Amino acid sequence: MAELPLEFTEKMSQLLGTEYEAFLHSYDQPRNFGLRVNVNKISPEKFEKLAPFHLTRIPWTENGYYYEEQDAPARHPFYYAGLYYLQEPSAMTPASRLMPEPGDRVLDLCAAPGGKATELGARLHGQGLLVANDISASRAKALLKNIEVFGIRNSFIVNEVPGKLSSRFPEFFDKILVDAPCSGEGMFRKDPAVAKVWDAQKPLNCAKQQKEIISRAAEMLAPGGWMLYSTCTFSPEENEEVIRYLLDTNEEMELADLPWYEGFAPGRDGLEQCARIWPHKMEGEGHFLALLHKKATQESEKKGRESVPENTPLANAGFSKAEKAALEEFFRDVTMDMDWSCVEIRKGQVYCVPRQLKDQKGIPFLRNGLYLGELKKDRFEPSQSFAMALKKEEYAASLDLHWEDPRVLRYLKGETIEADDIKTGRSKGWQLVCVDGYPLGWGKLVNGTLKNKYHPGWRMKV
């Protein structure tokens, strides 16, 4: 059993009463390992047939699975292809209950390292906007990589405090996830180190920050929009009391019914619509969730979203003659739907920016939209993130390998590989390297040998 702080166990005994012994016994049980399928790239049903893992469905999410530790999915090529994200099973719940739809404007306010943001972005299927924010610049870098691995095309990765963000996006978002920084009591079994730094004051300190964060989030929520507040802690100070504070200070906000699962425990103190996940009731760690709705006014209901114009072809985009020639040469082999009026060139780097964010100067960000690649003299070199956003059929020349082919691991380690036995659609030049039909990155084929263009920072460690 994890070594639990005395003040914590006394508090849990008071909260749980007769259930306390069952709760305590859960710490003697092994933790559960979970992965969540990227529905933007593959269906759960197809993944079950393709992946060589010991998979069992997680019953409260439609695309979550338990796996066995010996499966080692973080070392499998499908992980590098962005087919799934490794995530604690209970942590899959918040994004699944917010339920974004294609076309929504979605904000993940405390997003790093990206477990919930990647699910929100995947559910958009490239339509609408995902803004993923974290106040830590170092954590935001991990967030950016996970968004890119998942092939999310319509993201804005931000590094800003909620107060400043709310001044730039008043009543802008249809859906907001606030997975608030917390004391982490629900993670003690998964990570005993969290228990070692816990003290009785920590929930109170976290609650102050959480109230500020949720208030700012409410300012950014559009009338009629939905917000999901979650923590991975048990303390009422960080859960029900934060929700009560928001409801007392924002009359336009109301608590809503969550899509329920039989293992959920209702919230406390008159907030039974909230849900608690206890490790002795479900096969996952501790979590808290509350779904909130912002009432719409007659005036807000009359406001319509701006119409989205038809895609502008490359021939009509405002680039120089040399830029246009280089882009045309490469993109004649690309069939991915692109609006060239949203493509920007900054110091030779080419980005496809979400239409909703054409003018967001002054916000510190790591990435605005999809990084397509770089113009070098008279040629275009595609980026790793562009490869991950493509589907195999959207590029004319692909080198597709079965996951058991040893060349796949050699490619992921950055090695040159021989490919003279594979029909790729073109005998030389840029190739989209795929594993079982799912892109991994780029290579350049010369005389049957593939020069490796896989991102150096993403390479598999030996």
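These numbers were taken from a predicted model, which means no experiment stands behind them.
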- With Ser96 via side chain to side chain donor-acceptor pair (under 3.5 Å) - residues at least two apart: none

- Message: Can a side-chain donor-acceptor contact be found between Glu374 and Gln349 if the only test is distance below 3.5 angstrom?
- Response: no

- Is it true that Lys11 and Glu237 have a side-chain N and a carboxylate O under 4.0 angstrom from each other? yes

- Message: Restricting to ring pair (Phe, Tyr, Trp, His ring centres under 6.0 Å), what partner residues turn up for His455, sequence neighbours left out?
- Response: Trp458

- Expected output: side-chain Asp134 to main-chain Arg139 donor-acceptor under 3.5 Å: no

- With a 3.5 Å cut-off and no angle check, do the side chains of Gln29 and His25 form a donor-acceptor pair? yes

- Message: Does this structure show an ion pair linking Glu219 with Arg216, if we count only N-O contacts that are shorter than 4.0 Å?
- Response: yes

- Message: Distance check, rounded to the nearest 0.5 Å: Ile157 atom CD1 versus Leu130 atom CG?
- Response: 6.0 Å

- Please report the C-alpha distance between Trp60 and Phe264 in whole Å, then the side-chain angles of each, then the deciding distance to 0.1 Å, and finally whether the ring pair (Phe, Tyr, Trp, His ring centres under 6.0 Å) criterion is met. CA-CA 10 Å; Trp60 58 87; Phe264 291 167; 7.5 Å; no

- Query: Under the 3.5 angstrom rule, does the side chain of Arg268 hit a backbone N or O of Pro236 as a donor-acceptor pair?
  - Reply: no

- Query: How are the rings of Tyr67 and Phe33 set to each other: parallel, tilted or perpendicular (split at 30° and 60°)?
  - Reply: tilted

- Message: Under a 4.0 Å threshold between the charged nitrogen and the carboxylate oxygen, would Glu119 count as salt-bridged to Arg36?
- Response: yes

- Item | Exam field: side chain Ser43 to backbone Lys46, donor-acceptor pair closer than 3.5 Å | yes

- Message: My understanding is that only residues two or more places apart in sequence, or in another chain, count here; which of them pass side chain to side chain donor-acceptor pair (under 3.5 Å) with Glu254?
- Response: His293

- Are any of the side-chain nitrogens in Arg57 or Glu62 under 4.0 Å away from the carboxylate oxygens of its partner? no

- Message: Counting the benzene-type ring for Trp, do Trp442 and Tyr395 have ring centres under 6.0 Å apart?
- Response: yes

- Check ion pair Lys141-Glu148 (N to O, under 4.0 angstrom): no

- Query: Any Lys/Arg nitrogen of Glu285 or Arg31 sitting under 4.0 Å from an Asp/Glu carboxylate oxygen of the other?
  - Reply: no

- Item | Contact check, side chains of Ile213 and Tyr229, non-hydrogen atoms, under 4.5 Å | no

- Kindly write out the residues that satisfy ring pair (Phe, Tyr, Trp, His ring centres under 6.0 Å) with His76, not counting sequence neighbours, or none if the list is empty. Phe53, Phe78, Trp403

- Taking NZ, NE, NH1 and NH2 as the nitrogens, is one of them in Asp339 or Arg355 under 4.0 Å from a carboxylate oxygen of the other? yes

- Report the residues that fulfil ring pair (Phe, Tyr, Trp, His ring centres under 6.0 Å) with Tyr20, sequence neighbours left out, ordered by chain and then residue number. none

- Query: Have Asp179 and Ser230 got a donor and an acceptor in their side chains that come within less than 3.5 Å?
  - Reply: yes

- Message: Please determine whether a side-chain nitrogen of the Lys or Arg among Arg346 and Glu344 lies less than 4.0 Å from a carboxylate oxygen of the Asp or Glu.
- Response: yes

- Message: So that I can tick it off, tell me whether Lys453 and Glu381 are bridged by a salt bridge, with the cut-off set at under 4.0 angstrom between side-chain N and carboxylate O.
- Response: no

- Message: Please confirm whether the ring centroid of Phe47 lies under 6.0 Å from the ring centroid of Tyr84.
- Response: yes

- Item | Those residues that, when tested against Phe365, pass ring pair (Phe, Tyr, Trp, His ring centres under 6.0 Å) (two or more places apart) | Phe156

- If we ignore angles and hydrogens, is there a donor and acceptor under 3.5 Å between the side chains of Thr231 and Thr233? no

- Message: What I want to find out is whether Arg105 reaches Asp174 closely enough, with some N-O distance under 4.0 Å, to be called a salt bridge.
- Response: no

- Item | Proximity of Phe8 and Phe188 rings by center, below 6.0 Å | yes

- Does Asp108 come within less than 4.0 Å of Lys116, counting only side-chain N to carboxylate O? no

- Relative to the ring of Tyr27, is the ring of Phe23 parallel (under 30°), tilted (30 to 60°) or perpendicular (over 60°)? perpendicular

